[in-house]
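Inspection log for the structure reproduced underneath, given as structure tokens.
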Amino acid sequence: MQHSIATVSLSGTLPEKLEAIAAAGFDGVEIFENDLLYFDGTPATVRQMCADLGLEIMLFQPFRDFEGGPRERLGRNLDRAERKFDLMGELGTDRILVCSSVAPDTSRDDALIADDLFQLAERAGKRGIQVGYEALAWGKHIYSYRHAWQLVQAANHPNLGIILDSFHTLSIKDDLSLLSQIPGDKIVFLQLADAPIMNMDVMEWSRHFRSFPGQGDFDLGAFLAPILQAGYRGPLSLEIFNDGFRAAPTRLTAGDGLRSLRYLEEMTLATLVRQQQSLPDVPLFAPPPPAQYQGVEFLEFAVDEESGARLGKALQGFGFSRSGEHKSKAVTLYQQGDINLILNAEPDSFAHAFYVSHGPSLCAAAFSTDHAQQALQRAKLYGCKSFESRVGPNERHIPAVRAPDGSLQYLVDAGEGSIYESDFDLRPTSGPALLQRIDHFAIGLPAETMDNWILHFRAVFGFVTEHEWTLPDPYGLMKSRVVRSSNDSVRIPLNISENRNTAIARSVSTYKGSGLQHIAFSTSDIFAAVAQARSNGVPLLDIPDNYYDDLLARFNLDDDFVARLQAHNVLYDRDAQGGEFLHVYSAPFEERFFFEMVQRLGSYDQYGAANAPVRLAAQAQLRRRQTI
Ligand SMILES: O=C(O)c1ccc(O)c(O)c1
Ligand SMILES: [Mg+2]
């Protein structure tokens, strides 16, 4: 299908927007009137710019407060429309969006409104223009696509049709059953937007919080499927009003936009298959399905010699064995249970370049999967860049793609045996493995990049997202959203903060971008794991006594048990089913990342969010104590 985007969806000047839209691979644009008003060139120049970029101007919008006004104003409104038709002639576009009136003095007489729309369509017809009528969710009387469709049918003019906009329909939880009854050729244009579910005024919600398909909570597949079934074959167009997008890098947003439409096509195809509908005679994006993931295979740190030695010592404190030296590179492997951590200090390598930009940091994450090649192919079709590392003699080649921040995501075939034997001189690990696997690892992100990461994990990896948590830091708020594989084997909390001095903001500033915030190791005996770490001199985060007094009050816990938690600095949470979560934090490694040890009991499926504030406060106090 053809893909289009409204200029209002991007940051920048009109030429910057158009260049980014073309570079992303869109077929066309909706020109938002304000973008034209603020551009210091003629409409003919805009037309030429679009032509040079290979972009079709698919729609001009919006034309407001036209229908149902006081009778003495109708003539003036029609004249106003004629001037816009002139402009459209210069732009070289023949579709206009008319949104339902919000004026307080609008008539609620359907016959009168239909007649106004008929008159507008008559004028448009003389110019070869198609008028599309869109119900704004906050229109004075017309706020549902079903009502707009009744009026379009009543006006019954070949130059008048309806414009459907997923936001206006899904935001008011409108009945979708009529969508399949609107003939495709009466849909003048189709606008698509997702949004997070929010409890707020619908106009504010629409104008500030829309997002690309796949970034919010709407079921856009359920919206698009019946429209395609009814024969709509026009463009799929994104119309996103979003404060973050207005500030985000233009090309990055445009690239995400196209990826989101592909994802929507894939989701829609899945909806049609699920509903056992016949598939439309139009190709929809159908990449190989997401692979199944079995877990985090390894995490790789970019270090130099000094920070590598320090980090290695900390890991040994947690019971890791220094179990492998790379055969040809300055790379060390630390292992415990099923956990593999790689410290890469090789000069002249990807890790080194990453180190130079970000300091000691996580430069790669590897996921084990049953189908690495299939996962790679899917990622490439979604526009990810693949990465080829230099492979030494007898070393195993592992496919990788770039994460949104340029770090690497390796795809490791689970069935193909140990990847470490070929590359490392291994020695047997020693001691009991109190830590078993990577339960989750969290990344701190610049606030405006959250949507970008969410779409990456949903589309490229087929991960699901959990709802957003807002948590207090002593210096502001942090927001956290977990992406995870459908079988829970990989879980990645993504954290942002819009306040300057929070832990997340400080870590983003230290890394000069996104970066690892913490790694949580699972254990089946947290008290033993704490005792081991302590006896090895690993500093753990002190938790205030007040917290434990409150625990006794909040949960019906045994005094001895709480005393034991307190003595070990272990935090506690419990879910509604009685599942329990015991977790403990290390002191931070510089102002970068820290480690967590977690023990899940029973059904517990969360991350101890209730304890995040006490952890953030304890970390802030630790920071203050360190200052002079
Ligand atoms: O917020 C608005 O006014 C507005 C304008 C045009 C649209 O297509 C729309 O969906 C919303
Ligand atoms: Mg719209």
Side-chain angles (χ1 to χ4, degrees), residues 3-10 17 28-38 57-69 80-81 84 87-88 93 95-104 106 117 120 130-149 151-152 160-174 176 179 182 187-195 198 200-213 216 218 220 223-224 227 232 234-246 257 260-261 264:
H3 299 132
S4 153
I5 182 168
T7 52
V8 73
S9 316
L10 300 175
K17 293 181 188 204
V29 285
E30 301 177 23
I31 297 285
F32 215 75
E33 183 164 32
N34 281 350
D35 277 304
L36 189 66
L37 290 180
Y38 308 152
I57 300 183
M58 295 183 162
L59 180 82
F60 176 74
Q61 74 136 327
F63 189 63
R64 296 180 190 275
D65 293 328
F66 166 75
E67 80 286 13
R80 193 157 63 87
K84 298 305 169 195
L87 182 63
M88 290 168 64
T93 184
R95 288 192 197 107
I96 187 169
L97 177 150
V98 176
C99 50
S100 59
S101 179
V102 298
T106 309
L117 292 172
L120 183 63
Q130 286 293 324
V131 173
Y133 186 49
E134 175 194 50
L136 295 180
W138 57 92
K140 178 71 188 157
H141 302 303
I142 318 303
Y143 50 80
S144 154
Y145 83 93
R146 292 174 296 139
H147 197 173
W149 173 232
L151 295 166
V152 167
L160 177 70
I162 189 167
I163 288 183
L164 296 170
D165 177 326
S166 61
F167 181 88
H168 297 301
T169 296
L170 298 172
S171 61
I172 61 168
K173 300 197 174 78
D174 209 350
L176 302 185
L179 287 172
I182 305 176
I187 302 174
V188 172
F189 210 61
L190 176 58
Q191 296 179 316
L192 296 153
D194 203 340
M198 298 174 100
M200 69 189 299
D201 173 74
V202 68
M203 185 175 87
E204 291 296 315
W205 186 18
S206 173
R207 289 199 173 156
H208 302 283
F209 298 100
R210 289 187 183 206
S211 56
F212 287 138
F218 290 159
L220 286 168
F223 176 79
L224 182 53
I227 295 170
Y232 177 76
L236 305 179
S237 191
L238 297 163
E239 189 202 33
I240 317 296
F241 305 90
N242 178 302
D243 296 348
F245 288 16
R246 287 176 194 272
S260 78
L261 284 177
L264 172 60

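As the structure lists them, so they are numbered: ligands from 1, and atoms in each ligand from 1.
- A distance of 7.5 Å separates CG of D194 from OG of S166, quoted to the nearest 0.5 Å.
- The OE1 atom of E239, the Mg ion (ligand 2) and the OD2 atom of D165 define an angle of 80° (nearest 10 degrees).
- Distances below 4.0 Å separate heavy atoms of E239 from the following atoms of ligand 1: 6 (C), 7 (C), 8 (O), 9 (C), 10 (O).
- Of the protein's heavy atoms, Q61 OE1, 3.1 Å lies nearest to atom 6 (C) of ligand 1.
- Taking a cut-off of under 4.0 Å to the non-hydrogen atoms of R64, the atoms of ligand 1 that pass are 2 (C), 3 (O), 5 (C).
- Looking only at its N/O/S atoms, E134 has OE2 as the one nearest to the Mg ion (ligand 2).
- Between the side chains of S144 and D174, at least one donor N or O lies within less than 3.5 Å of an accepting N or O.
- Within the 4.0 Å heavy-atom criterion, neither part of F167 lies near ligand 1.
- Between the side chains of E67 and Y133, at least one donor N or O lies within less than 3.5 Å of an accepting N or O.
- Taking only nitrogen or oxygen atoms, main chain and side chain alike, S206 does not reach within less than 3.5 Å of ligand 1.
- For a threshold of 3.5 Å applied to N or O pairs, the pair formed by W138 and ligand 1 contains no separation below that value.
- Each of the following atoms of ligand 1 lies closer than 4.0 Å to a heavy atom of L97: 8 (O).
- Of all the heavy atoms of I163, none lies under 4.0 Å from any atom of ligand 1, so neither backbone nor side chain is involved.
- Listed by number with element, the atoms of ligand 1 under 4.0 angstrom from any heavy atom of Q191 are 8 (O).
- With values rounded to the nearest 0.5 angstrom, L190 atom CG is found 6.0 Å from L164 atom CG.
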Hey, mind stepping through F32 and F241 against ring pair (Phe, Tyr, Trp, His ring centres under 6.0 Å) and telling me if it holds? CA-CA 11 Å; F32 215 75; F241 305 90; 5.7 Å; yes

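- The Mg ion (ligand 2) has Q191 among its coordinating residues (N/O/S atom, backbone or side chain, under 2.8 Å).
- Of the inter-residue distances, the one linking T7 atom OG1 with E33 atom CD reads 10.5 Å to the nearest 0.5 angstrom.
- Near E134, meaning under 4.0 Å from one of its heavy atoms, ligand 1 places the atoms 6 (C), 7 (C), 8 (O), 9 (C), 10 (O).
- The pair E239-R210 meets the salt-bridge criterion, since a charged nitrogen lies less than 4.0 angstrom from a carboxylate oxygen.
- Contact atoms of ligand 1 toward L136: 4 (C), 9 (C), 11 (C) (distance under 4.0 Å to a heavy atom of the residue).
- For the 3.5 Å distance criterion, the side chains of D65 and S101 qualify, holding a donor opposite an acceptor.
- Taking the six-membered ring where tryptophan is involved, the planes of F212 and F245 are tilted, since the angle between them lies from 30° to 60°.
- Near R207, with a cut-off below 4.0 Å to any heavy atom, the atoms of ligand 1 are 1 (O), 2 (C), 3 (O).
- Heavy-atom separations between M203 and ligand 1 are all 4.0 Å or longer.
- Note on ligand 1: R210 sits in its first shell, one or more heavy atoms being nearer than 4.0 Å.
- Every atom of ligand 1 is numbered from 1 in the order shown, and the set under 4.0 Å from a heavy atom of H168 is 9 (C), 10 (O), 11 (C).
- Residues Q191 and S237 bring no donor and acceptor atom of their side chains to less than 3.5 Å of each other.
- Ring planes of F218 and F167: tilted class, angle from 30 to 60°.
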